[in-house]
Amino acid sequence: MSKGSSRRWLNRQSRDPYVKAARREGHPSRAHYKLQQLDRRFNLLQKEQWVLELGAAPGGWTAWLAQRLTRGRVVAVDPLPIALSASNVEIVQGRVGETDVDRRIAGILTGGAGPDPQGVDLVLSDMAPNISGIRATDQARAMELAELASGAAHRWLKPGGSLVVKIYQGEGIEEWLAGTRRRFGRVRVVKPQASRPGSRENYAVARRYRGGC
């Protein structure tokens with residue numbers, strides 16, 4: 001990042017109301033408010049649910065999930081460390097889709113203390129690509145992450161469950177959405193208020209899973 005870009009980023013951070021709120025309220029990042037807003041809008045979370053969270057670091061979403069799922073459990077997955085310790089959170093450090101990581105996830109979900117044998121109630125993905133600045137490359141990476149989230153839903157989401165995925169407008173997204181609509185009863189694309197207005201970031205909220213992701 002150039003000095004000019006770094007200065008602009010710091011200025012934007014200093015003015016961002018959600019960055020300020022996260023610091024004031026002790027949340028790991030502004031991402032906390034995105035999930036909070038999605039949860040309140042779509043009533044995503046119930047106390048007893050099991051949730052698979054992808055792209056969990058640094059833990060902004062995980063903290064909200066741990067608070068809300070008082071009788072449920074979170075399996076939080078990310079290659080980076082997740083700064084949270086809670087009795088109802090299982091952390092898997094690694095990239096979903098890799099054989100060893102998927103084996104560890106499956107071990108948690110199908111173990112003696114696992115959820116309903118049919119799977120988890122909700123798959124959440126806040127995974128984002130490492131930005132290169134080359135739009136075509138970055139969009140291809142974002143679509144790969146969306147496909148990884150769909151694959152996780154295919155493996156572990158129970159019938160009737162929900163999938164929430166961070167997506168970016170660009171090549172491939174309409175095809176991905178069409179496939180998602182075939183497998184869920186309802187799909188909405190929304191932009192939480194906590195997302196930066198100028199970003200291409202949106203979230204696909206898919207409900208009533210029918211199978212076959």
Does the side chain of Leu44 reach to within under 4.5 Å of the side chain of Val164, using non-hydrogen atoms?
yes
For Gln193, is there any backbone N or O sitting under 3.5 Å from a side-chain donor or acceptor partner on Gln37?
yes
Check: Asp39 side chain, Leu45 main-chain N or O, donor-acceptor pair, under 3.5 Å:
yes
Are the side chains of Trp50 and Ile108 in contact, using a 4.5 Å heavy-atom criterion?
yes
What I'd like to find out is whether the side chain of Leu124 reaches to under 4.5 Å of the side chain of Leu65, using heavy atoms alone.
yes
Approximate separation, where rounding is to 0.5 Å, of Leu177 CG and Arg182 CZ:
11.0 Å
Residue pair Glu53 / Val77, side-chain heavy-atom distance below 4.5 Å
no
Leu145 to Ala128 - nearest heavy-atom pair and separation
CD1-C, 3.4 Å
Just how far is it from atom CZ of Arg188 to atom CG of Asn202, taken to the nearest 0.5 Å?
12.0 Å
Ignoring hydrogens and angles, tell me if any N or O in the side chain of Arg207 forms a donor-acceptor pair with the backbone of Arg186 under 3.5 Å.
no
Residues Gly94 and Val101: closest non-hydrogen pair is CA-CG2, 3.7 Å
Is Ile167 close to Val189 at the side-chain level, that is, under 4.5 Å between some pair of heavy atoms?
yes
Closest heavy-atom pair, Lys158 versus Tyr209, reported as atoms and distance to 0.1 Å, is O-CD2, 3.5 Å
Hey, could you give me the CZ/CG distance between Arg40 and Asn43, rounded to the nearest 0.5 Å?
12.0 Å
Treating Lys191 as the side-chain partner and Glu201 as the backbone partner, does any N or O pair qualify as donor plus acceptor under 3.5 Å?
yes
Could you name each residue pair satisfying side chain to side chain donor-acceptor pair (under 3.5 Å) that touches residues 129-142, not counting sequence neighbours?
Ser132-Asp138, Gln139-Arg200
Rounded to the nearest 0.5 Å, what's the gap from CG on Leu38 to OG on Ser162? Could you check?
11.5 Å
Should the heavy atoms of other residues, nucleotides or ligands under 6.0 Å from CD of Glu98 be counted, would the total exceed 12?
yes
Side chain to side chain, Met127 and Leu148, heavy atoms closer than 4.5 Å
yes
Least distance between heavy atoms, Ala66 atom then Val89 atom
CB-CG2, 3.8 Å
State the CD-CZ distance between Gln36 and Arg68, to the nearest 0.5 angstrom.
9.5 Å
I'd like to check Val92 versus Val75 (side-chain heavy atoms, cut-off strictly below 4.5 Å). Are they in contact?
yes
Nearest heavy-atom pair of Leu54 and Ala152: which atoms, and what distance?
CD1-CB, 3.9 Å
When the ring centroid of Tyr168 is compared with that of Trp176, is the distance short of 6.0 Å?
no
List in chain and number order the residues that pass side-chain hydrogen bond (donor to acceptor under 3.5 Å, both in side chains) with Gln93, two or more places apart in sequence or in another chain; answer none if no residue qualifies.
none
Should Ile131 and Leu80 be regarded as members of a common hydrophobic cluster, given that ILVMFWY residues are connected when their side-chain heavy atoms come within less than 4.5 Å of each other, either directly or indirectly?
no
Flag side-chain contact, heavy atom, 4.5 Å: Val51 against Leu69
yes
Enumerate the salt bridge (charged side-chain N to carboxylate O under 4.0 Å, His left out) contacts for residues 79-97, please, sequence neighbours excluded, ordered by first and then second residue.
Arg73-Glu90, Arg95-Glu144
Main-chain N/O of Gly55 paired with Asp126 side-chain donor or acceptor, under 3.5 Å
no
Gap between atom OH of Tyr203 and atom CG of Leu35 - 0.5 Å precision:
8.5 Å
Give the minimum heavy-atom separation between Pro81 and Ala57, together with the two atoms involved.
O-CB, 3.4 Å
In sequence, state the C-alpha distance, the side-chain angles, and the governing distance for Arg155 and Val96, and then conclude on side chain to side chain contact (heavy atoms under 4.5 Å, CB included).
CA-CA 11 Å; Arg155 288 190 292 277; Val96 68; 4.1 Å; yes
